[in-house]
Amino acid sequence: MAFWLLKTEPETWSWESQVKRGAKGEPWSGVRNYQARLNLRAMKKGERAFFYHSGEARAVVGIVEVAKEAYPDHSAEKGDWSMVDVVAVEPFRIPVTLADVKAAAMLCEMVLVKNTRLSVQPVTDAEWKLVCKMGGLKTK
DNA sequence: GCCAACGTTGGC
DNA sequence: GCCAACGTTGGC
């Protein structure tokens, strides 16, 4: 069971928009980076990901679940790109900001810190647990 | 608004 | 295949 982190600009696609989609979920389209594509394609149905707001907010705000595994990105005019469908699972009670992540010794190796520009990232089990806890969620 | 980091493109 | 130039992302 792997964990992930999905980055989005809230002006483009926010947690609120994701929640409004409900159980139908939403295709995570528009990824145009090979490393991110690799991660998208490694995602399995039922795996979970942090939903991260970049830009102004800079915080993990909730958790989504993969509802459909990688399939061709319909927004790609050319090239071989993939997307997955994700469904909102649970909001964080307390958003975990980038500053919080950087301040936590255990999290200083997170891809979020090390490779800030990667939009689809793997998260380790230990990181997952801690960030959930910081967000005010019971870890499962 | 600026700049650093990274990825992509194109000339050689 | 190398590398400089350029564009984009995202934090500050």
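Everything quoted here is computed from the prediction, not taken from an experiment. Each chain gets a letter, A, B and so on, in the order the sequences are listed, and its residues count up from 1.
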**Report entry** A/His53 side chain vs A/Trp15 backbone, donor-acceptor pair below 3.5 Å
**Finding:** yes

Span of DNA chain B engaged by chain A, first through last nucleotide within the 4.0 Å heavy-atom cut-off, is B/dA5 to B/dT8

Check your understanding: Below 4.0 angstrom, N of the basic side chain to O of the carboxylate: do A/Lys24 and A/Asp85 qualify?
Key -> no

Donor-acceptor contacts under 3.5 Å from residues 98-111 of chain A side chains, at least two apart:
from, atom 1, to, atom 2, distance (Å)
A/Asp100, OD1, A/Thr97, OG1, 3.3
A/Asp100, OD2, A/Thr97, N, 3.1
A/Asp100, OD2, A/Thr97, OG1, 3.1

Review point. Is the cationic atom of A/Arg48 (NZ for Lys, CZ for Arg) positioned less than 6.0 Å from the six-membered ring centroid of A/Trp4 and within 45 degrees of its normal?
Key: no

- Message: I'd like to know if A/Arg21 pairs up with A/Glu26 as an ion pair, taking the criterion as any Lys NZ or Arg NE/NH1/NH2 lying under 4.0 Å from an Asp or Glu carboxylate oxygen.
- Response: yes

**Asked** So what does A/Leu98 hit on the nucleic acid, given a heavy-atom distance under 4.0 Å: a base, only sugar-phosphate, or nothing?
**Response** sugar-phosphate

